Amino acid sequence: MPRQSQRPWYHEGLRFECTQCGLCCSGDPGYVWVDQDEIDAMAEAMQLTVDEFESRFIRRVGTQRSLREYPDGDCILLDPEQRTCMVYQARPTQCRTWPFWDSTVETKKAWRETCEECPGAGTGKLYTLEEIEVQRKQKKV
């Protein structure tokens, strides 16, 4: 068994329950990195060809691709009236793994700040260390 000091600070688990408030999809500008499989799935969910989807919703950033944003920083796939994701069932890995990103669980302070921003972080279902690590390791954010 690893020494206690080698375990992550969240070794007893963290709570999270998505409230579908849309706050993680809005606010400051940023990037939602996507790969071809994710683009294909989102295009299918919206009943668009991949080319149509890419031309409307994807931007190139160097050699990578990200979802576009509205001028206010909101994700282009966040319905402006309903405040819900238009491709929720096919949303990218980066979105699926929120809030268990390296950047949000790096320190207790980072997690506290996440809980202040996200009404679902710190409440609801208790995720085990193992569950958190599976999510965290899917994509580096």
Side-chain angles (χ1 to χ4, degrees), residues 1-48 50-141:
M1 183 159 166
R3 290 191 345 235
Q4 188 168 351
S5 63
Q6 293 176 325
R7 295 187 296 184
W9 69 267
Y10 51 89
H11 67 272
E12 293 180 359
L14 295 171
R15 292 190 179 277
F16 174 67
E17 194 71 45
C18 181
T19 64
Q20 294 196 11
C21 67
L23 290 174
C24 58
C25 311
S26 60
D28 294 337
Y31 301 101
V32 176
W33 304 112
V34 293
D35 64 25
Q36 193 61 53
D37 289 341
E38 293 169 325
I39 291 169
D40 294 349
M42 289 183 288
E44 184 177 333
M46 293 191 76
Q47 300 180 336
L48 297 171
V50 171
D51 287 343
E52 288 173 317
F53 183 85
E54 285 195 45
S55 69
R56 289 175 57 187
F57 300 106
I58 301 296
R59 61 183 165 153
R60 287 214 168 265
V61 181
T63 60
Q64 296 182 303
R65 293 174 290 177
S66 175
L67 292 175
R68 293 182 189 271
E69 296 172 323
Y70 289 107
D72 64 1
D74 286 4
C75 177
I76 194 75
L77 295 175
L78 180 64
D79 184 294
E81 291 169 20
Q82 300 291 327
R83 303 301 289 169
T84 56
C85 179
M86 293 189 283
V87 295
Y88 188 79
Q89 294 304 318
R91 67 196 184 283
T93 300
Q94 183 172 331
C95 304
R96 288 178 186 277
T97 58
W98 169 263
F100 303 124
W101 296 348
D102 288 342
S103 59
T104 60
V105 299
E106 183 176 16
T107 63
K108 286 182 183 181
K109 180 179 187 276
W111 181 251
R112 266 194 316 275
E113 290 170 357
T114 300
C115 292
E116 289 169 10
E117 300 273 326
C118 172
T123 65
K125 178 186 179 217
L126 179 64
Y127 285 79
T128 66
L129 172 63
E130 293 76 20
E131 291 171 314
I132 294 166
E133 292 299 277
V134 165
Q135 295 292 313
R136 187 182 65 77
K137 292 176 181 178
Q138 285 188 49
K139 194 156 202 165
K140 294 291 180 195
V141 183

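Residue numbers count from 1 along this sequence. All of these numbers come straight from a predicted model, not from anything done at the bench.
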Side-chain contact test, heavy atoms from C-beta onward, threshold under 4.5 Å: evaluate it for [X] versus [Y] and give yes or no.
X      : Y      : answer
Thr104 : Trp98  : yes
Phe57  : Ile39  : no
Glu133 : Phe100 : no
Trp33  : Thr93  : no
Arg7   : Leu129 : no
Val105 : Pro8   : no
Leu78  : Thr84  : no
Glu12  : Leu126 : no

Qualifying residues under ring-ring contact (aromatic ring centres under 6.0 Å, His included), relative to Tyr70, sequence neighbours excluded: none
Set of ring-ring contact (aromatic ring centres under 6.0 Å, His included) partners for Tyr10, sequence neighbours left out: none
Pro92 versus Val34, closest heavy-atom pair with distance: CG-CG1, 3.7 Å
Nearest atoms (heavy-atom pairs only) where Met42 meets Phe53: CB-CZ, 3.5 Å
Please, which pairs that meet salt bridge (Lys or Arg N to Asp or Glu O under 4.0 Å) have at least one residue in [range], sequence neighbours excluded?
range           : value
residues 99-112 : Asp102-Arg136, Asp102-Lys140, Lys109-Glu113
residues 28-40  : Glu38-Lys139
residues 62-83  : Glu54-Arg65, Arg59-Glu69, Asp74-Arg83

Side-chain donor/acceptor of Arg91 to backbone N/O of Cys85, under 3.5 Å: no
Side-chain (Ser103) to main-chain (Val141) donor-acceptor, under 3.5 angstrom: yes
Please tabulate, for side-chain N and O atoms in residues 115-122, each donor-acceptor pair with protein atoms closer than 3.5 Å (sequence neighbours left out).
none

Criterion side chain to side chain contact (heavy atoms under 4.5 Å, CB included) on Lys125 and Glu131, from CA distance to verdict: CA-CA 11 Å; Lys125 178 186 179 217; Glu131 291 171 314; 3.3 Å; yes
Residues Thr114, Phe16; criterion side chain to side chain contact (heavy atoms under 4.5 Å, CB included); working and verdict: CA-CA 11 Å; Thr114 300; Phe16 174 67; over 6 Å; no
Distance in Å, Gln94 CD paired with Gln138 CD, rounded so as to fall on 0.5 Å steps: 12.0 Å
